[in-house]
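A note on names: the letters A, B, ... follow the listed sequences, proteins ahead of strands, and every chain is numbered from 1.
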Protein chains: 2
Amino acid sequence: MPPRPMRRRTKLSDGIVEDMKRLIVAECLKPGDRVPSEPELIETHGCSKGTVREALKALEVEGLVVMRTGPGGGAYLADAGPEPAARMLRNFLHFQHLDGKGVYQIRKIVEPEVAAAAVGRLSEAQFAQLEDNVVACSEAPKSEEEQRRQRILELEFHNILADACPNPLLAFIGRFLNDMLRDLVVLKKAYVPERHRFGECNVSYHRLLLEAYRQDDAARVRAIMLAHMHDAERHMTALEGEVANSFLLGFPRP
Amino acid sequence: MPPRPMRRRTKLSDGIVEDMKRLIVAECLKPGDRVPSEPELIETHGCSKGTVREALKALEVEGLVVMRTGPGGGAYLADAGPEPAARMLRNFLHFQHLDGKGVYQIRKIVEPEVAAAAVGRLSEAQFAQLEDNVVACSEAPKSEEEQRRQRILELEFHNILADACPNPLLAFIGRFLNDMLRDLVVLKKAYVPERHRFGECNVSYHRLLLEAYRQDDAARVRAIMLAHMHDAERHMTALEGEVANSFLLGFPRP
DNA sequence: CCCAATTTGTTCGTATGTATC
DNA sequence: AGATACATACGAACAAATTGG
């Protein structure tokens, strides 16, 4: 009786992926650690090179490993950063429809929480970044392109706050929303004077936030951010024509 | 001048993945549509089977395509459900540390918003599901195992509300948090009588919610849910020993 | 700077399973 | 039932990249 007449329902490579994940948790592997190389996996799983390559590819797409060539190369555990999760979330939203109103429905509740959580956790370097950001956003834009870059800079202000947020999932959500808005802003041709007023409002809110942060006043930070979000939503919905419904390709990176 | 002497920096399969994504957005492909099959991709990209298989595998992991064997088989576009994004988010959180307190920090702001957004959008079938859920959770559990299943059922109550939430991203976050808590509950040995009181509190909140939903009272729904979350957090933190720090393996599906 | 070793990246040929007609 | 079309898997080879002597 042959040992392997068992009908297989799942793909071989999926089983290898499962085994690798189990190995990672079982051995408490940390980022930078080596995981079994192609020849080793071929031996341990008794399958061919192409199959283990598919499994490694899957883990690579999930952001769990990075592959390196050459001696000492192979698959190394990579701490899955936020990028793969954000990419999948964009894939998911590509087939849904999420408009600017939907983004702000979440942002209005998330950003105040992120901002409040960052109180007392801002390093001197981050304070400096925030101040630089405010002054850079205060300068009058000389061109439409410059105005667009300022708008992206304004979003960067919020990302700095997310950096200081100790809750990793909350920070992820905040950053994801910011990136989403950044994607929208490049695809939108807004009425320029209107956008100028928008920018002036934003930077004034940012100044107020900075002041409240210096006083470690969490309640005030939260209140200012909430007002900021309501105001931004108002501007956004006033400007918005339609929304980008293709998040599939990654965001344009500057 | 040959068309392809360009030095390649990225893997061949990654380029194919990019091309496929561009094709999807360019042709406005919808779920169920066919994408080029292995032989076609071999032809169009001038590479071998193994390479296109890696590319297809990557798209499969991202949840963008499903593969079918047999005649008429091949790669078909699948509307990327929430599962791949949730999986990646778990990968990400595996290397961070997120405790129950962190989960509830987000849940306290997300669930009231989800609940309020569901007001006026519950179908009759969903009302029936919610009512069935409440009565199922009202019965006194006869065993610890049954109590555990009731706790999972209570989370299902919130997932039904997320189903009725029209904001896809907000619903995703709510469901993700629920799944996370479901993962925690199976890994935790809680003090049984304490958990019993916990369950009674939960179901009474659910009853209040159901009542407010019948009256389409969004403000009351939001207020009840907020109180519910605060109460649940209190119970949770009282019960919690440690937290699962390995979300890598998928959630156990009942 | 080149050479050699090591490991991934890629190709081809072939065989098998599976679903459709 | 048989033929067809496609994914799945195996194995052997070669190419490219990286490291260290």
| request: Indicate whether the side chain of A:Glu111 and that of A:His158 have a donor and an acceptor atom separated by less than 3.5 Å. | output: yes
| field | Pair A:Glu54-A:Thr51, side-chain donor/acceptor within less than 3.5 Å | value |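 Note: A:Glu54 and A:Thr51 side chains miss the donor-acceptor criterion.
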Send over the distance from [X] [atom1] to [N] [atom2], rounded to a whole Å.
| X | N | atom1 | atom2 | value |
| --- | --- | --- | --- | --- |
| A:Tyr76 | C:dT8 | OH | C1' | 12 Å |
| A:Glu54 | C:dT8 | CD | P | 16 Å |
| A:Glu60 | C:dG9 | CD | P | 7 Å |
| A:Lys57 | D:dA9 | NZ | P | 18 Å |
| B:Asp14 | C:dT8 | CG | P | 17 Å |
| B:Ile42 | C:dT10 | CD1 | P | 14 Å |
| B:Glu43 | C:dC12 | CD | C1' | 16 Å |

Selected nucleotide, minimal atom distance to [X] side chain, candidates [options]:
| X | options | result |
| --- | --- | --- |
| B:Leu12 | D:dC6, C:dT11, C:dG13 | C:dT11 |
| B:Thr69 | C:dG17, D:dA9, D:dA17 | C:dG17 |
| A:Lys11 | D:dC10, D:dA9, C:dT11 | D:dA9 |
| B:Arg53 | D:dT18, C:dT14, D:dA7 | D:dA7 |
| B:Ser48 | C:dT20, D:dT19, C:dC12 | C:dC12 |
| B:Lys49 | D:dA13, C:dT11, C:dG13 | C:dG13 |

| request: Tell me whether the OP1 or OP2 atom of D:dA5 has a side-chain N or O from B:Ser37 closer than 4.0 Å. | output: no
| request: Just call it for B:Glu38: base, sugar-phosphate, or nothing, with non-hydrogen atoms closer than 4.0 Å on any strand. | output: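 Since a base atom lies under 4.0 Å of B:Glu38, the category is base.
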| request: Please indicate whether A:Glu43 has more than 12 foreign heavy atoms, meaning atoms of other residues, nucleotides or ligands, lying under 6.0 Å from its CD. | output: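 Atom CD in A:Glu43 is not crowded, with 12 or fewer foreign heavy atoms closer than 6.0 Å.
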| Looking at CG of A:Leu64 and NZ of A:Lys21, how far apart are the two atoms once the value is rounded to the nearest 0.5 Å? |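 So the gap between those two atoms works out to 6.0 Å.
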| query | Of A:Arg68 and A:Gly50, whose nearest nucleotide on DNA chain D comes first from the 5' end? | reply | A:Gly50
| field | 5'-most by nearest nucleotide on DNA chain D - A:Cys47 or B:Pro39 | value | B:Pro39
Donor-acceptor pairs under 3.5 Å, side chain of residues 160-174 of chain B to any protein atom, not counting sequence neighbours: which ones?
{"residue": "B:Asp163", "atom": "OD1", "partner": "B:Arg175", "partner atom": "NH1", "Å": "2.4"}
{"residue": "B:Asn167", "atom": "OD1", "partner": "B:Leu169", "partner atom": "N", "Å": "3.2"}
{"residue": "B:Asn167", "atom": "OD1", "partner": "B:Leu170", "partner atom": "N", "Å": "3.3"}
{"residue": "B:Asn167", "atom": "ND2", "partner": "A:Gly102", "partner atom": "O", "Å": "2.9"}
{"residue": "B:Asn167", "atom": "ND2", "partner": "A:Gln105", "partner atom": "OE1", "Å": "2.8"}

